[in-house]
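Naming: A, B, ... by sequence-line order, numbering from 1 per chain. These values consider heavy atoms only, across backbone and side chains, with no hydrogens, waters or symmetry-generated copies.
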Protein chains: 2
Amino acid sequence: MPDSDNVSLLRLREFLPYRLSVLSNTISTRIAALYDREFGLSIWQWRVMAVVGDRPGISATEIGQLTAMDKVAVSRAIAAMIQMGYLERKTSETDGRRSQLFLTPAGRDVYELIVPIALAEEQKLSGALTEDEQQELERLMGKLADAASPDRELW
Amino acid sequence: MPDSDNVSLLRLREFLPYRLSVLSNTISTRIAALYDREFGLSIWQWRVMAVVGDRPGISATEIGQLTAMDKVAVSRAIAAMIQMGYLERKTSETDGRRSQLFLTPAGRDVYELIVPIALAEEQKLSGALTEDEQQELERLMGKLADAASPDRELW
DNA sequence: GTCAATTAGTTACATATGAAACTAATAGTA
DNA sequence: TACTATTAGTTTCATATGTAACTAATTGAC
């Protein structure tokens, strides 16, 4: 049996999970480098900032739900950003386990600088697609996300 | 100035780089769990197996190019798979720095088991899309990959 | 041939990450 | 009230990862 007689053809580079992973990593790496260079923030820290900026008083657990980060990553990002002086934590008055998070004035300054940059970046990326294509991509990604969702027992 | 008076609207969950990252991680995590459970292989090891199976005699550097893995990751995956008895390394006769990699019979057995499973999995995933949608997704991802490619100086 | 520059691949080190154990607070139940 | 179960968040520990330094072989210039 010759080497080329493969069970059935699998070309890694045409393999959807692989392509998605490479594309996502390429984009994430570039964005991470930008945020780090400009603001000294990791992607995780930036995600936390994005949701706290949008929803002041949010808790760590809620941040995790909104950002698809696990609680350890959230905890570490929060700790680092408090250290940096960008975040402030208050203990909830109604539930002593729960923390409520707010941007400090310095944090809000960074937030207001970084949001337009993030949006401009996304624009440069998705600007490679027409409006229709962007919507179609959204739709297709939604279908894939649904199919791959951990709730579904496909595999 | 009210909290909601954001510079401009940024909703993380609608942010393309974020959505891509979450989708890709969801899929990768599930596949990694499957390969690990069934064959004790990491995603990186599986990628190496996929290209060596397809191109016996390939070198580590070439594997890196084909799989978008960095050379350290390739080196480690190869070492582990030699240890497992799935890969064999010969030094190139024309270039003593270069190694040539081959699946052992045991490696080929695993390869022949895993390829159809990988393809079936992809099928379950991309089966959520019609043929036309799959092609469209390919096309859109290609445009994004092009726009995000490290050669381009967008950012 | 000899020596600097390049290339293939590995190793060492420092950091990132995730699972599981842990602490502290709350909720539920008797 | 007291006692157990649950939840929020942190810490610990073991592993994964990337950068940079390294070794070994080859190439190219002289």
Side-chain angles (χ1 to χ4, degrees), chain A residues 21-22 24-26 28-33 35-37 40-48 51-52 55 57-83 87-102 150, chain B residues 21-22 24-26 28-33 35-37 40-48 51-52 57-84 87-102 150:
Chain A
S21 164
V22 171
S24 166
N25 287 343
T26 303
S28 292
T29 301
R30 294 197 68 149
I31 292 185
Y35 292 166
D36 181 38
R37 172 160 35 86
L41 293 176
S42 73
I43 290 244
W44 312 115
Q45 290 163 5
W46 153 241
R47 283 190 187 174
V48 167
V51 298
V52 176
R55 305 189 181 198
I58 195 174
S59 73
T61 300
E62 289 163 339
I63 291 173
Q65 290 161 350
L66 287 175
T67 59
M69 291 166 66
D70 80 73
K71 64 181 183 172
V72 178
V74 172
S75 173
R76 291 201 258 243
I78 290 171
M81 295 175 78
I82 288 173
Q83 189 65 35
L87 272 191
E88 190 170 22
R89 171 165 40 201
K90 295 176 181 161
T91 298
S92 162
E93 300 190 353
T94 61
D95 184 342
R97 296 165 301 181
R98 197 178 190 82
S99 56
Q100 296 195 283
L101 296 156
F102 302 88
Chain B
S21 164
V22 171
S24 166
N25 287 342
T26 303
S28 291
T29 301
R30 293 197 70 150
I31 292 185
Y35 292 166
D36 181 37
R37 172 162 34 86
L41 293 177
S42 73
I43 291 245
W44 312 116
Q45 289 163 7
W46 152 241
R47 284 191 186 174
V48 167
V51 298
V52 176
I58 195 174
S59 73
T61 301
E62 289 164 340
I63 291 172
Q65 290 160 351
L66 286 175
T67 59
M69 291 167 66
D70 80 73
K71 63 180 182 170
V72 178
V74 172
S75 173
R76 291 202 257 241
I78 289 171
M81 294 175 78
I82 288 173
Q83 189 65 37
M84 292 174 185
L87 273 190
E88 189 171 21
R89 172 165 39 202
K90 296 175 182 162
T91 299
S92 162
E93 298 191 354
T94 62
D95 184 342
R97 296 166 301 182
R98 199 176 188 84
S99 56
Q100 296 195 283
L101 296 156
F102 302 88

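Taken from CD1 in A:I82 to OG in A:S99, the straight-line distance is 7.5 Å, to the nearest 0.5 Å.
Across the protein-nucleic acid pair, B:D70 atom CG and C:dA16 atom C1' stand 15 Å apart, rounded to whole Å. In this structure, B:M69 atom CE and D:dT19 atom P are separated by 14 Å, rounded to whole Å. Rounded to an integer number of Å, the gap from B:R47 CZ to D:dT17 P is 11 Å.
Applying the side chain to side chain donor-acceptor pair (under 3.5 Å) definition to pairs two or more places apart or across chains, those involving residues 61-80 of chain A are A:S59-A:E62, A:E62-A:R98.
A heavy-atom distance below 4.5 Å is not found between the side chains of B:V52 and B:M81. The shortest side-chain heavy-atom distance between A:I58 and A:L66 falls under the 4.5 Å cut-off.
When all heavy atoms are compared, the tightest approach of B:M84 to B:G40 is CE-O, 3.6 Å. The shortest non-hydrogen separation linking A:A60 to A:I78 is CB-CD1, 3.8 Å.
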Base contacts versus sugar-phosphate-only contacts with protein, heavy atoms under 4.0 Å: please encode nucleotides 6-11 of chain D as B, S and - from 5' to 3'. BBSBBB
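At least one side-chain nitrogen or oxygen of B:W44 sits closer than 4.0 Å to the OP1 or OP2 atom of D:dT17.
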